[in-house]
Novice: 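Please find one structure pasted underneath; my questions will follow.
The basis for the numbers below is simple: all heavy atoms, side chains too, and nothing from hydrogens, waters or symmetry mates. By convention in this document, chain letters (A, B, ...) are assigned in the order of the sequence lines, proteins followed by strands, and residues within each chain are numbered from 1. Computed from a prediction, not measured in an experiment: that's the story for all the values here.
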2 protein chains.
Amino acid sequence: MEKRVYNFSAGPAALPLAALEEAQRNLLVLPGAGASVMEISHRSKPFGEILETAKSNIAQLLKLPPSYKVLFIQGGASLQFSMVPMNLLRGSEEAADYIITGSWGKKALKEAQKEGKTRVAWDGKEEHYKRTPLQSELSLNAKAPYCHITSNETIEGVEFQSFPDTGGAPLVCDASSDFLSQPIPIEPFGIIYAGAQKNVGPSGVAVVIIREDLLERAPQGLPTMLDYRVVAENDSLYNTPPCFGIYVIMLVTNWLLHTIGGLDKMADVNRKKAKMLYDVIDASEGFYRGHAARECRSIMNVTWRLPNEDLEAAFVKEAKSCGLDALKGHRSVGGIRASIYNAMTVEGVQALCDFMAAFKAKQG
Amino acid sequence: MEKRVYNFSAGPAALPLAALEEAQRNLLVLPGAGASVMEISHRSKPFGEILETAKSNIAQLLKLPPSYKVLFIQGGASLQFSMVPMNLLRGSEEAADYIITGSWGKKALKEAQKEGKTRVAWDGKEEHYKRTPLQSELSLNAKAPYCHITSNETIEGVEFQSFPDTGGAPLVCDASSDFLSQPIPIEPFGIIYAGAQKNVGPSGVAVVIIREDLLERAPQGLPTMLDYRVVAENDSLYNTPPCFGIYVIMLVTNWLLHTIGGLDKMADVNRKKAKMLYDVIDASEGFYRGHAARECRSIMNVTWRLPNEDLEAAFVKEAKSCGLDALKGHRSVGGIRASIYNAMTVEGVQALCDFMAAFKAKQG
């Protein structure tokens, strides 16, 4: 078998090796099913157990109160940009508040504007999306149908360290790139949604956690497939769900729960990995320049620049030849981005730190 | 490894063993990628090649003229029930024609009614969905935005043997359960869509084949993720697509094209398998009673009843104990259903025929 690289891809992204190995072992026959997990009915007993375990793992990891439902929906976070306002905003007199801390927040806002009234409560654009807002900069509408945030902006590498106080409006959070990376307080959230392909599984499925009372808000006449009530009432089985994706989510959350030991332990590892990289950046005397303001630095996506674009291209190319892959920043912002989700090992990050030191030494 | 059963599941359904074996072999490292196909960027070169091959295989198999685009969309055929009328019907003065030959056509109609004007051009309900209409029974509107059919009704086992002449309105076809099972004339079709999980891959991705000129019909202001133009302009990469599903579609269509030898060859095998089962039914002196009218019998889903429900339950249970799995009819209609998609082997069908003969002999 070809060697596996250290994979810093922003998504689809590295998965825990143990989860991949189990998926591989059982790809032709899921134990007890006589067929691949891709070949069995979504209403069969073996798949029912997979679905239950995936849901219950997520609920345990996040310590969800029973008033929250865990749903699996196709279309990624991008479809949630529309489903959230279709279900919660259509017909509302009050505008939804949107806090824009980067590229994905902007996209979420654009879709919401098609469905109802919105208000931009804060926008970091003028500061080039380097930080999240202070509570003192926000005047949020407590009666808003919801207040939307992006807990971690994947492209800019900017992450909320604590969540805005809305005065009562439910927070709706796109958590695609830091979902299950650390414990969070659940109470302020009405909806947490996340495309699976960064921290919890393959692309093609979004996890949507929704507070039960919000299910009542959906207007009549929505397309059946876009109605949270239908998804919840049918336990994500109104139509055939992305079975293989849900299976891999089960394997990854099994690993998080039983091998890693939960989100406190995972957060310790994630903070350690992020600190290793930020320490190299901070000690580089300006050779590596981090994008995010220090107090808003992401523990999942570490973004930085080099003195010029030629050096950045050389950095990405040489890193790749050393088995450190997918370090190029997003095409919209350039620079370097190391995505160090849950499955990235400390060894992988150490290898990148060593490479960064050597690259600087050679150029300096 | 546990033994693989003969899997007659209606979907998710049996996949070609060769495709599963290749997916298994490469699950940890896709050759040339240094990581699993689940872990690499959808904008990487290795995934780009997978996407191109999957599209081009489908185009070759169906002999698509260049005016047709092959798209991959999440949400299954059920989301297409809404996307079709959102894109082609909203704002139209003329009603769309719907021909209802079973359960899935009814669901498609229900979603279309939310989006615009519809007309039921024919409905087989009174005859318990045993057949498709004759051309002489139809008066279709040539100016309709489209005429919707379900080429094969999975639950009832009723399949169009030739397609209605609409006089010019584009046919829109839910081909989920007979996609790529035999050659079809492309010209009358504006859109052919199919959930992958029956004949071409795992659940979580629908293949949508659309005639280019129809892309212009979409109204402004659609949710970005539900706009065919956006999918087409971005070559199914507007957001992260279901990469693993598309990879398996590539493997399955590779097998269809290069191992089986194309749709003519596949159709020969499929007709042979279906005939084997219908012959047993027809020779059973009424012990096995087929549901579909003879001239509309499906070559993918063979449905029949036994003298009573107790015998049906015994049949399903004993078959399972003989390694013939998932033969229970859909919960909405009861009876027995053997789904014999492309990946079901002649050996598997022979084993079922033998079991049917033995079961009848024991009861008779």
Side-chain angles (χ1 to χ4, degrees), chain A residues 1-5 7 9-15 17 20-21 23-24 27-29 31-32 34-36 38-42 44 74-79 81-82 86 110-111 114-115 195 197 201-205 221-226 238-245 248 323 325-326, chain B residues 1-5 7 9-15 17 20-21 23-24 27-29 31-32 34-36 38-42 44 74-79 81-82 86 110-111 114-115 195 197 201-205 221-226 238-245 248 323 325-326:
Chain A
M1 192 178 77
E2 218 178 290
K3 199 167 178 287
R4 281 171 57 83
V5 297
N7 177 14
S9 175
L15 290 166
L17 187 58
L20 285 174
E21 285 172 340
Q24 183 179 46
L27 204 72
L28 297 195
V29 188
S36 173
M38 289 188 268
E39 301 178 300
I40 60 173
S41 170
H42 51 297
S44 66
Q74 295 184 54
S78 293
L79 188 58
F81 295 167
S82 293
M86 278 179 169
K110 191 181 144 215
E111 297 304 320
K114 297 176 185 173
E115 304 296 335
Q197 72 273 14
S203 61
V205 51
L222 284 179
T224 305
M225 287 289 292
L226 304 177
Y238 170 75
N239 75 330
T240 318
C243 297
F244 187 74
V248 177
D325 204 15
Chain B
M1 193 179 76
E2 217 177 291
K3 199 166 178 287
R4 282 171 57 82
V5 296
N7 176 13
S9 175
L15 290 165
L17 187 58
L20 284 174
E21 284 172 341
Q24 182 180 47
L27 204 72
L28 298 194
V29 188
S36 173
M38 288 188 268
E39 300 178 301
I40 59 173
S41 170
H42 51 298
S44 66
Q74 295 183 53
S78 293
L79 188 59
F81 295 167
S82 293
M86 278 180 170
K110 191 182 144 214
E111 298 304 320
K114 297 176 184 173
E115 305 297 334
Q197 71 273 13
S203 60
V205 50
L222 284 180
T224 304
M225 288 289 293
L226 304 177
Y238 170 76
N239 75 330
T240 318
C243 297
F244 186 75
V248 177
D325 204 15

Novice: If you count heavy-atom pairs under 4.5 Å between each of B:Pro242, B:Ala13, B:Gly76, B:Gly245 and chain A, which one has the most?
Specialist: B:Ala13
Novice: Could you measure the distance from the CG atom of B:Leu226 to the CE atom of A:Met86? Nearest 0.5 Å is fine.
Specialist: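 B:Leu226 atom CG to A:Met86 atom CE measures 6.0 Å (nearest 0.5 Å).
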Novice: Does any backbone or side-chain atom of B:Ile40 lie under 4.5 Å from a heavy atom of chain A? Answer side chain, backbone, both or neither.
Specialist: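 B:Ile40 touches chain A through backbone heavy atoms alone.
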Novice: State which residues pass side-chain hydrogen bond (donor to acceptor under 3.5 Å, both in side chains) with A:Thr240; sequence neighbours excluded, sorted by chain then number.
Specialist: B:Gln197
Novice: Examine whether an atom of B:Ser9 lies under 4.5 Å from a heavy atom of chain A, and if so say whether it belongs to the side chain, the backbone or both; otherwise answer neither.
Specialist: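 Only the side chain of B:Ser9 comes within 4.5 Å of chain A.
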Novice: Is it the side chain or the backbone of A:Leu222 that comes within 4.5 Å of chain B heavy atoms, both, or neither?
Specialist: backbone
Novice: With a 4.5 Å cut-off on heavy-atom pairs, point out which of B:Pro202, B:Pro241, B:Ser78 contacts chain A the most.
Specialist: B:Ser78
Novice: Name the member of A:Ser203, A:Gly221, A:Ser44 that forms the most heavy-atom pairs with chain B at distances under 4.5 Å.
Specialist: A:Ser203
Novice: Does some side-chain heavy atom of A:Val205 sit less than 4.5 Å from a side-chain heavy atom of B:Gln74?
Specialist: no
Novice: Check the pair A:Leu20, A:Arg4 against side chain to side chain contact (heavy atoms under 4.5 Å, CB included), reporting the backbone distance first and the verdict last.
Specialist: CA-CA 12 Å; A:Leu20 285 174; A:Arg4 281 171 57 83; 3.4 Å; yes
Novice: Can you tell me how far the NE2 atom of A:His42 sits from the CG atom of A:Asn239, to the nearest 0.5 Å?
Specialist: 7.0 Å
Novice: Using a 4.5 angstrom heavy-atom cutoff, name the option from A:Pro31, A:Gly32, A:Gly34, A:Gly323 with the most pairs to chain B.
Specialist: A:Gly34
Novice: Relative to chain A, which of B:Gln24, B:Met38, B:Glu39, B:Lys3 shows the most heavy atom pairs under 4.5 Å?
Specialist: B:Glu39
Novice: Could you tell me which of B:Leu28, B:Val248, B:Leu15, B:Leu17 has the largest number of non-hydrogen atom pairs under 4.5 Å with chain A?
Specialist: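 Heavy-atom pair counts peak at B:Leu28.
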Novice: Counting heavy-atom pairs under 4.5 Å to chain A, which of B:Ser82, B:Ala35, B:Pro223 comes out on top?
Specialist: B:Pro223
Novice: Donor-acceptor pair, distance only, cut-off 3.5 Å: does the side chain of B:Ser36 make one with the backbone of B:Leu27?
Specialist: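 Checked: pair present.
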Novice: Quick one: salt bridge (charged side-chain N to carboxylate O under 4.0 Å, His left out) partners of B:Lys114, sequence neighbours excluded?
Specialist: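 Counting only residues at least two positions away or on another chain, B:Lys114 forms a salt bridge (charged side-chain N to carboxylate O under 4.0 Å, His left out) with B:Glu111.
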Novice: To the nearest 0.5 Å, what is the distance between CE on B:Met225 and OH on B:Tyr238?
Specialist: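 Spacing of CE (B:Met225) from OH (B:Tyr238) equals 8.0 Å.
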Novice: If I measure from the heavy atoms of chain A, does B:Glu21 come under 4.5 Å with its side chain, its backbone, both, or neither?
Specialist: both
Novice: Where on A:Ala23 is there a heavy atom nearer than 4.5 Å to chain B: the side chain, the backbone, both, or neither?
Specialist: both
